[in-house]
Amino acid sequence: MANKYLKIISKKGGYELEGIKMAIPLMAILRMLETDAESYHENLKALLYR
């Protein structure tokens, strides 16, 4: 379902699908940084330092 939504958004916004897909990991990291929960910071560190 998320892939279908992503295709619709890219088509309506005139964005290239590959450009959006490249931005998703960065957006997820930024979202995790916005939270103060320690578990999110631990998950972020695990993603970055694998």
Side-chain angles (χ1 to χ4, degrees):
M1 182 160 169
N3 196 32
K4 180 180 176 181
Y5 179 71
L6 182 61
K7 287 179 182 179
I8 292 169
I9 293 299
S10 68
K11 193 179 291 185
K12 288 192 180 249
Y15 303 108
E16 292 185 22
L17 191 57
E18 291 304 315
I20 294 172
K21 285 182 178 181
M22 289 174 33
I24 290 173
L26 176 60
M27 292 167 44
I29 289 171
L30 292 174
R31 176 65 180 121
M32 290 175 80
L33 285 173
E34 290 176 350
T35 63
D36 287 334
E38 185 62 31
S39 64
Y40 285 109
H41 290 271
E42 290 175 17
N43 289 337
L44 176 61
K45 288 177 188 175
L47 288 172
L48 292 175
Y49 300 116
R50 278 194 213 191

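Numbers here simply count residues along the sequence, with the first being 1. In what follows, every heavy atom counts, from backbone to side chain, and hydrogens, waters and symmetry copies are set aside. Keep in mind that this is a model prediction, so the values were computed, not measured.
- From Met22, atom CE reaches atom CD of Glu16 across 10.0 Å, with rounding to the nearest 0.5 Å.
- Qualifying side chain to side chain contact (heavy atoms under 4.5 Å, CB included) partners for Leu6, counting only residues two or more places apart in sequence or in other chains: Asn3, Leu17, Ile20, Lys21, Ile24.
- For Leu48, the side chain to side chain contact (heavy atoms under 4.5 Å, CB included) criterion is met by Ile29, Leu44, not counting sequence neighbours.
- Taking Ile, Leu, Val, Met, Phe, Trp and Tyr as members and joining any whose side-chain heavy atoms lie under 4.5 Å apart, directly or through other members, the hydrophobic cluster of Tyr5 also contains Ile9.
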